[in-house]
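By convention in this document, chain letters (A, B, ...) are assigned in the order of the sequence lines, proteins followed by strands, and residues within each chain are numbered from 1. What you see is a predicted model; the values in this text were computed from it and never measured.
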Amino acid sequence: MNGGHDLGGMHGLGAINPESEADEPVFHHPWERRVFALTLATGFLGRWNLDQSRHARERQHPIDYLRNTYYENWLAGLQTLLIDSGLLTEAELQSGFCGEGFPNQEIVLTKNKVKAKLQEGKSVELPVATSPQFVIGQEVMVVNRHPIGHTRAPRYTRGRRGTVIHQHGGHIFPDDHAMGDQTGQHLYTVCFDAAELWGQDNGGNEQVYVDLWESYLTSGGTKQ
Amino acid sequence: MQDDHEHDATEAPSEIELRVKALESLLVEKGLVDSAALDELVDTYEHQVGPQNGAHVVAKAWIDPVFREHLLANPGSAIASLGYSGRQGEHIRVLQNTDSVHNLVVCTLCSCYPWPLLGLPPQWYKSAPYRARAVSEPRKVLEEFGTHLGTDVSIQVWDSTSEIRYLVLPQRPANTHHLSEAELQQLVTRNSMIGVETLKPFSDAND
């Protein structure tokens with residue numbers, strides 16, 4: 001979706017103003033710690049996956065997404081996921097009180113399981129029966145498509161040509177994954193000349209590398 | 001260190017603080033989360049997992065050519081051999097800076113970052129200006145971090161759109177031939193492993 005999250009190339013956002021590395025805390029407010037931990041802990045309930053979680057944040061009104069702080073966006077996404085999955089009702093969220101008749105679920109993540117659960121991670125490699133359609137060194141173009149759902153083809157790459165520099169084998173396809181389906185597609189890293197993305201006056205001696213799934217790509221077309 | 005930022009006990013809790021507290025209570029009451037597990041998650045990323053892990057990988061790559069080869073050819077296995085693996089680091093690639101190539105990592109669509117090696121990302125990495133500008137005007141972004149590279153240096157920007165996570169292997173600073181792996185590890189900054197800065201030549205006066 002062309003949401004407020006798809007930021008590559010946006011103007012008017014100002015300077016970055018980084019905090020000094022030595023002084024920056026991991027969290028800036030105590031509540032951010034809890035939002036972070038609640039998001040991870042509820043994720044282990046298995047009711048949604050990472051792409052659904054990203055999509056829940058992206059689905060906010062773009063003005064809200066851009067105005068919110070980072071963990072405010074996480075909180076908004078978490079509330080959406082809890083309600084969409086039926087783990088919480090809107091009334092419970094508003095009142096702060098538990099509704100009747102909710103079956104207690106077994107807690108998946110207890111303190112003693114945290115280390116192992118984080119350690120094990122979750123591979124997104126998924127073997128694909130077909131051979132890769134594109135080879136290393138091949139010129140490809142990103143299909144100019146604007147899906148209304150979750151996608152990981154940034155707007156600034158669409159319709160642009162680049163060169164395949166890496167094949168990664170099959171990875172879970174995020175557009176389907178965000179709808180709850182687990183399908184695999186070949187994943188590639190594509191190298192774009194900055195001038196192809198941002199115009200001939202820009203980006204001398206710069207390249208941008210983007211990981212793109214097979215259905216985002218096509219062969220053919222000519223460079224801008 | 002983080003405790004300086006704890007809110008003052010005399011300050012009234014903010015609206016969002018109350019909302020988050022209410023949400024946590026509700027989820028605990030429903031039996032969906034365990035507060036002790038939440039504490040453990042926070043402690044892990046606040047005090048245990050951080051850029052010192054990535055710095056260990058980098059320092060070892062500088063002094064051990066066999067490890068460096070292994071790291072560039074098969075990063076997952078090389079990094080796991082030092083004990084680092086897990087969530088948000090399942091698929092890692094290492095990008096080597098040279099005299100003619102400088103790598104820079106961003107996630108324009110969200111905030112993807114190699115957690116097991118660098119911990120949680122700093123605020124600026126997750127901010128809209130960085131996400132917008134790192135791909136479209138990386139040299140200006142680098143200037144804002146005090147990194148001035150000649151036009152003869154190629155800037156390679158990596159937009160983390162998939163579950164592959166990128167770690168920059170910065171160039172070893174000058175005047176460090178006499179330093180041990182542990183001493184070198186202390187010189188590696190988080191920002192150099194994201195690619196927004198290069199490492200200054202070492203001098204004893206640095207510390």
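- Outside the 6.0 Å centre-distance limit, the rings of A:His168 and B:His91 are not counted as a close aromatic pair.
- The minimum heavy-atom distance linking B:Arg139 with A:Gly204 is given by the pair NH2-O, 3.4 Å.
- When all heavy atoms are compared, the tightest approach of A:Gly14 to B:Arg133 is O-NH1, 3.2 Å.
- The side-chain heavy atoms of A:Tyr156 and B:Ser136, taken from C-beta on, include no pair separated by under 4.5 Å.
- To the nearest 0.5 Å, atom CG of residue B:Leu41 and atom NZ of residue A:Lys117 are 12.0 Å apart.
- No side-chain heavy atom of A:Leu109 sits under 4.5 Å from any side-chain heavy atom of B:Asp34.
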(message) Go through it in stages, so that I can follow the logic: the residues are B:Asp159 and A:Thr157, the test is side chain to side chain contact (heavy atoms under 4.5 Å, CB included), and I'd like the CA-CA distance, side-chain angles, deciding distance and then a yes or no.
(response) CA-CA 11 Å; B:Asp159 190 354; A:Thr157 64; over 6 Å; no

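- Note that the CG atom of B:Leu32 and the CG atom of A:Leu45 stand 5.5 Å from one another [nearest 0.5 Å].
- Considering only heavy atoms from C-beta on, A:Trp198 comes within 4.5 Å of B:Val135 through its side chain.
- Side-chain contact check for A:Gln207 versus B:Pro138: every heavy-atom pair is 4.5 Å or farther apart.
- At a 4.5 Å heavy-atom cutoff, the contact between A:Ile16 and chain B is made by backbone and side-chain atoms alike.
- If you measure heavy-atom distances from A:His171 to chain B, the contacts under 4.5 Å come from the side chain alone.
- Closest approach of B:Ala36 and A:Lys111 over heavy atoms only: O-CG, 3.8 Å.
- With a threshold of 4.5 angstrom between heavy atoms, A:Pro18 approaches chain B through its backbone and through its side chain.
- A 4.5 Å side-chain heavy-atom check between A:Phe27 and B:Val42 finds at least one atom pair inside the cut-off.
- Neither the backbone nor the side chain of A:Ala194 comes within contact range of chain B; no heavy atom of the residue lies under 4.5 Å from a heavy atom of that chain.
- Chain B is approached within less than 4.5 Å, heavy atom to heavy atom, by A:Arg54 from residues 53-60 of chain A, ordered by number.
- Comparing A:Asp6, A:Leu40, A:Thr189 by how many heavy-atom pairs each has under 4.5 Å with chain B, the most go to A:Leu40.
- Listed here is the closest heavy atom pair of A:Leu13 and B:Ala132: CD1-CB, 3.5 Å.
- With chain A as partner, the option from B:Val106, B:Val49, B:Thr108 having the largest number of non-hydrogen pairs under 4.5 angstrom is B:Thr108.
- Interface remark: B:Val153 contributes backbone atoms only to the contact with chain A (heavy atom separation under 4.5 Å).
- Contact detail for A:Arg152 and B:Cys107: the closest heavy-atom pair is NH2-SG, 4.1 Å.
- Looking at A:Ser20, there are no atoms closer than 4.5 Å to chain B (heavy atoms on both sides), in backbone or side chain.
- For the set A:Val124, A:Leu66, A:Leu78, the count of heavy-atom pairs under 4.5 angstrom toward chain B peaks at A:Val124.
- The part of B:Gln48 that comes within reach of chain A is its side chain, from C-beta onward, which places non-hydrogen atoms under 4.5 angstrom from that chain.
- Using a 4.5 Å heavy-atom cutoff, the side chains of B:Asp43 and A:Val114 are not in contact.
- Of the two parts of B:Glu197, only the side chain, counted from C-beta on, holds a non-hydrogen atom closer than 4.5 Å to a non-hydrogen atom of chain A.
- A side-chain donor-acceptor contact under 3.5 Å links A:Glu21 to the backbone of B:Asn191.
- Residue B:Lys126 qualifies as enclosed at atom NZ: its count of foreign heavy atoms under 6.0 Å is above 12.
- Only the side chain of B:Thr44 comes within less than 4.5 Å of a heavy atom of chain A; its backbone N, CA, C and O stay farther away.
- Contact annotation: the side chain of B:Leu23 approaches that of A:Leu88 to within less than 4.5 Å [non-hydrogen atoms, C-beta and beyond].
- Using a 4.5 Å heavy-atom threshold, the side chains of A:Leu87 and B:Leu27 count as separate.
- From A:Thr69, atom OG1 reaches atom CD1 of B:Ile16 across 6.0 Å, with rounding to the nearest 0.5 Å.
- Looking at A:Leu118, the atoms closer than 4.5 Å to chain B (heavy atoms on both sides) sit in the backbone and in the side chain alike.
- Among A:Pro174, A:Ala153, A:Cys191, A:Gly121, the residue with the largest count of heavy-atom pairs under 4.5 Å with chain B is A:Gly121.
- The parts of B:Leu38 that come within reach of chain A are both its backbone and its side chain, each placing non-hydrogen atoms under 4.5 angstrom from that chain.
- Of the two parts of A:Ile172, neither the backbone nor the side chain holds a non-hydrogen atom closer than 4.5 Å to a non-hydrogen atom of chain B.
- Interface remark: B:Leu120 contributes side-chain atoms only to the contact with chain A (heavy atom separation under 4.5 Å).
- A donor atom on one side chain and an acceptor atom on the other are not found under 3.5 Å apart for B:Gln123 and A:Tyr70.
- Ranked by non-hydrogen atom pairs under 4.5 Å with chain A, the options B:Thr189, B:Leu104, B:Thr151, B:Thr161 are led by B:Thr161.
- Under the 30°/60° scheme for interplanar angles, the aromatic rings of A:Phe36 and B:Tyr45 are found to stand perpendicular.
- Of all heavy-atom pairs between A:Asn17 and B:Glu144, the closest is N-OE1, 4.5 Å.
- For A:Gln79, the part lying near chain B is the side chain, with the backbone staying farther off; criterion is any non-hydrogen pair under 4.5 Å.
- When each of A:Gly9, A:Gly12, A:Gly4 is checked for heavy-atom pairs under 4.5 Å with chain B, A:Gly9 comes out on top.
- Both the sub-6.0 Å distance and the 45° axial angle are satisfied by B:Arg87 relative to the ring of A:Phe44.
- Of the residues considered (B:Gly86, B:Pro116, B:Pro129, B:Ser160), B:Pro129 shows the highest number of contacts with chain A, using heavy-atom pairs under 4.5 Å.
- Taking chain A as the reference chain and counting heavy-atom pairs below 4.5 Å, the highest number among B:Ala134, B:Ser35, B:Ser85, B:Ala22 is found for B:Ser85.
- By the neighbour-count criterion of 12 heavy atoms within 6.0 Å, atom NE2 of A:His146 is densely surrounded, having more than that number from other residues, nucleotides or ligands.
- To the nearest 0.5 angstrom, A:Glu120 atom CD is 10.0 Å from B:Glu90 atom CD.
- Within the model, atoms CD of B:Glu163 and CG of A:Leu50 stand 5.0 Å from one another, a figure rounded to the nearest 0.5 Å.
- Here B:Glu40 pairs with A:Lys115 in a salt bridge; the nearest charged N to carboxylate O distance falls below 4.0 Å.
- Within the model, atoms OG of B:Ser162 and OH of A:Tyr188 stand 13.5 Å from one another, a figure rounded to the nearest 0.5 Å.
- Contacts of B:Asp39 with chain A are made by both backbone and side-chain atoms, with heavy-atom separations under 4.5 Å.
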